[in-house]
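These notes concern the structure reproduced below.
In this text, all values refer to a predicted model and were calculated from it rather than measured experimentally.
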Amino acid sequence: MHSPWGLLFQIVKETGWSWHDILWKVSRANIMLMMADRSHFKMIKKEDKVIEDDGAGLMGRIKSKRKAP
């Protein structure tokens with residue numbers, strides 16, 4: 001869990017606002033909503049790839065997974 005100071009540091013880093021602005025000029029509710037609505041990006045591992053296949057190939061993969069105990 002992140003401390004409130006870690007959250008404030010992220011806001012300073014991402015917005016360029018000063019500590020004074022964050023602590024005294026912006027409401028906590030607005031800061032929490034802003035942080036909740038920010039975009040999140042997740043790094044994808046190299047082995048996670050999109051597989052393009054036709055229907056027969058897809059059915060073959062599904063059947064092979066069902067056979068495994």
Query raised in the report: Residues two or more places apart in sequence or in another chain: which of them pass side chain to side chain contact (heavy atoms under 4.5 Å, CB included) with Lys25?
Result: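 Lys25 satisfies side chain to side chain contact (heavy atoms under 4.5 Å, CB included) with His20, Asp21 once adjacent residues are dropped.
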Query raised in the report: Do Met32 and Leu7 pass the side-chain contact (heavy atoms from CB on, under 4.5 Å) test, and can you show the C-alpha distance, the side-chain angles, and the key distance before you say yes or no?
Result: CA-CA 9 Å; Met32 298 308 285; Leu7 181 64; 3.7 Å; yes
Query - Inter-residue atom distance Leu23.CG - Arg28.CZ, 0.5 Å rounding - result: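 It is 12.0 Å, given to the nearest 0.5 Å.
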Query - Joint hydrophobic cluster, Phe9 plus Met34, side-chain heavy atoms closer than 4.5 Å - result: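 No, separate clusters.
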Query - ILVMFWY cluster, Leu33 and Ile22 together (side-chain gap under 4.5 Å) - result: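 Not linked; separate clusters.
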Report task. Would you mind listing every salt bridge (Lys or Arg N to Asp or Glu O under 4.0 Å) that reaches into residues 4-20, with sequence neighbours excluded? Result ->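 Passing the test, one end in residues 4-20: Glu14-Arg38.
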Query - Side-chain heavy-atom pair Val26, Ile11 within 4.5 angstrom cut-off - result: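 Not in contact.
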Query raised in the report: Are any non-hydrogen side-chain atoms of Val12 and Trp19 less than 4.5 angstrom apart?
Result: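 Side-chain contact under 4.5 Å: yes.
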